[in-house]
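Worksheet for the structure shown next.
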Amino acid sequence: MPRQNMSGARDSKAQAKRGASLVVVVCVSAFLVAFALAMVHTAGLMLSQANQRLKQERSRQLARSFSQVLYEELQKGGSPKDPGAADSFYGFACKFLEDSHYLNYDPDQPDATIYHYQVDTPTTGDAYGTVTVALYKESEDDTELSGTIINGGSSGSVDPLVAVAGSVQRATLTVEVTARADGMSYSYSTVYEQSIHYKDQAVRFTYGGREIRWDKAGQEWKENTPSGDTVNVTPGDAISFVVTPGLENIEECQYNKAIREEGDPEGSETPGGGGGGTP
C-alpha cells in the first residue's frame, strides 16, 4: 500500500508539471502571436504613413514645378499689348496689376479680391494631378506716379526711363499655386515685385522748373519744346518725374522674386516679401 501511494503521488506531481508547462507554452504562444500582430500593425501604419508622405511630396513637387513654369512665363518681357503677350500669363499679370477693376487684396474680403487664372486641363484628366492658380495684388491706385531720379551725367549714363522703372515699385504680385494629386493638396506661394519700363510719352521730366526730355542719340538732356535747346543738368542733381500709368503706356514689365529661392539665378530677387509652401 505505501508503494502504491508513493507511485500515485509521483504521477500526480508529473501531471501537475505537465499542466504547468502547457500553461506556460500557451501563454508564451499567446504573447508571441500578440507581438507578431503588433509588429504587423506597426508595419502597416509605417507603410501607410510612408505612402501619405509620398503622395504629399508628389503634390508638393507638382506645385513647385508649376510655380517655376509661371516664373519663366513672367520673364518673357515685351509690351503686354503685343499679340504674342496678350494671351499669355505675362500679359495677364501686367493687366491684372495695372487695371483698377482688379481690386487690391483684402483679407476681410477674400472672395472679392482673390482672382484665379484659368489653367488648361490636361487631356489625361486627374491622372497626373490638377493645378489651380490664385493671384493677389497690392498696387498704387494713383492716376499719376511721381518721384525723382539722380542725373548720372551724359555719355554712359543709365537711360532715365530705365532709372524710373527702378524707382517706381508700382505693385506686388502674389502667385499661389495649389496642386492636388492622389487625394492630397499642397499650396506654394511666390511674391513678385513689379517694375515697369514706361514709354517715352508716359513720362514727364522736370528740372529747374523746365520740362525736359532725354535725347538718346546725343546722350543729353534737352528742353521739351519745339526748339529742343540743350539743358545742362549737373551730374548728381535730382530730376523730378511724373508717370501716367496705364496698360497702353507700358514698354515692358519686369517681375523679380521678393526672395530668391534655391536654384534661382543671381539677380532674380528684390528686397522684401517672401514665399513658401503650405500643405
Side-chain angles (χ1 to χ4, degrees), residues 71 74-82 85 90 93-94 97-98 100 104 137-174 190-261 264-275:
Y71 166 73
L74 290 175
Q75 305 311 303
K76 288 186 174 181
S79 171
K81 285 289 191 177
D82 290 343
Y90 167 79
C94 294
L97 295 179
E98 199 70 17
S100 60
N104 282 338
K137 78 167 182 176
E138 296 178 67
S139 64
E140 299 288 343
D141 292 328
D142 301 308
T143 55
E144 288 187 337
L145 303 173
S146 60
T148 58
I149 60 172
I150 301 301
N151 182 46
S154 55
S155 180
S157 64
V158 176
D159 186 331
L161 293 175
V162 175
V164 168
S167 300
V168 176
Q169 294 295 334
R170 177 158 170 72
T172 299
L173 171 67
T174 300
T190 308
V191 181
Y192 295 93
E193 298 286 352
Q194 181 206 44
S195 60
I196 302 175
H197 185 175
Y198 288 96
K199 296 179 180 179
D200 291 351
Q201 63 268 25
V203 185
R204 301 194 309 274
F205 295 100
T206 57
Y207 177 76
R210 292 188 291 177
E211 187 171 330
I212 60 176
R213 61 179 175 82
W214 179 250
D215 180 15
K216 292 183 180 180
Q219 291 286 291
E220 60 181 351
W221 288 101
K222 290 188 175 181
E223 192 168 6
N224 194 23
T225 61
S227 60
D229 297 331
T230 298
V231 178
N232 294 318
V233 181
T234 304
D237 278 2
I239 300 172
S240 301
F241 67 84
V242 175
V243 177
T244 303
L247 199 64
E248 67 281 358
N249 292 327
I250 295 177
E251 186 73 31
E252 185 175 51
C253 294
Q254 289 187 341
Y255 296 92
N256 292 314
K257 291 182 180 180
I259 294 180
R260 186 165 65 91
E261 300 170 2
D264 290 339
E266 293 290 341
S268 61
E269 83 287 354
T270 55

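No experiment lies behind these values; they were computed from the predicted model shown.
Pairing each heavy atom of G228 with each of K222, the nearest pair is O-CD, 3.4 Å. Counting all heavy atoms, side chain and backbone alike, P80 lies closest to L247 at CG-CD1, 3.8 Å. The minimum heavy-atom distance linking Y71 with K257 is given by the pair CD1-CE, 3.5 Å. In plain terms, the two heavy atoms of G78 and D82 that are nearest each other are C-OD2, 4.3 Å. The heavy-atom pair separating A165 from S195 by the smallest distance is O-CB, 3.2 Å.
Rounded to the nearest 0.5 angstrom, E252 CD and H197 NE2 are separated by 8.0 Å. Taking NZ of K81 as the reference point, atom CD of E248 lies at 6.5 Å (rounded to 0.5 Å). With values rounded to the nearest 0.5 angstrom, Q201 atom CD is found 13.5 Å from R213 atom CZ. Rounded to the nearest 0.5 Å, atoms CD (Q254) and CG (L74) are 12.0 Å apart. E193 contributes atom CD, which lies 10.0 Å from atom CG of L173 (distance to the nearest 0.5 angstrom).
Without hydrogens or angle criteria, N249 side chain to K199 main chain gives no donor-acceptor distance under 3.5 Å. At least one donor-acceptor pair closer than 3.5 Å links the side chain of Q75 to the backbone N or O of Y255. The closest donor-acceptor contact from the side chain of K137 to the backbone of A93 lies at 3.5 Å or more, if one exists at all. Looking at Y90, its side chain does come within 3.5 Å of a backbone N or O of C253 through a donor-acceptor pair.
Using a 4.5 Å heavy-atom cutoff, the side chains of Y198 and I250 are in contact. Between P160 and F241, the closest side-chain pair of non-hydrogen atoms is not below 4.5 Å.
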Could you list the donor-acceptor pairs under 3.5 angstrom formed by side chains in residues 202-212, with sequence neighbours left out?
unit_1 : atom_1 : unit_2 : atom_2 : d
Y207   : OH     : D237   : OD2    : 2.6
E211   : OE2    : N224   : ND2    : 2.9

Residue pair V191, T172: steps toward the side-chain contact (heavy atoms from CB on, under 4.5 Å) verdict: CA-CA 7 Å; V191 181; T172 299; 3.5 Å; yes
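With I149 as the partner, the side chain to side chain contact (heavy atoms under 4.5 Å, CB included) test is satisfied by one option alone out of I239, L161, V162: I239.
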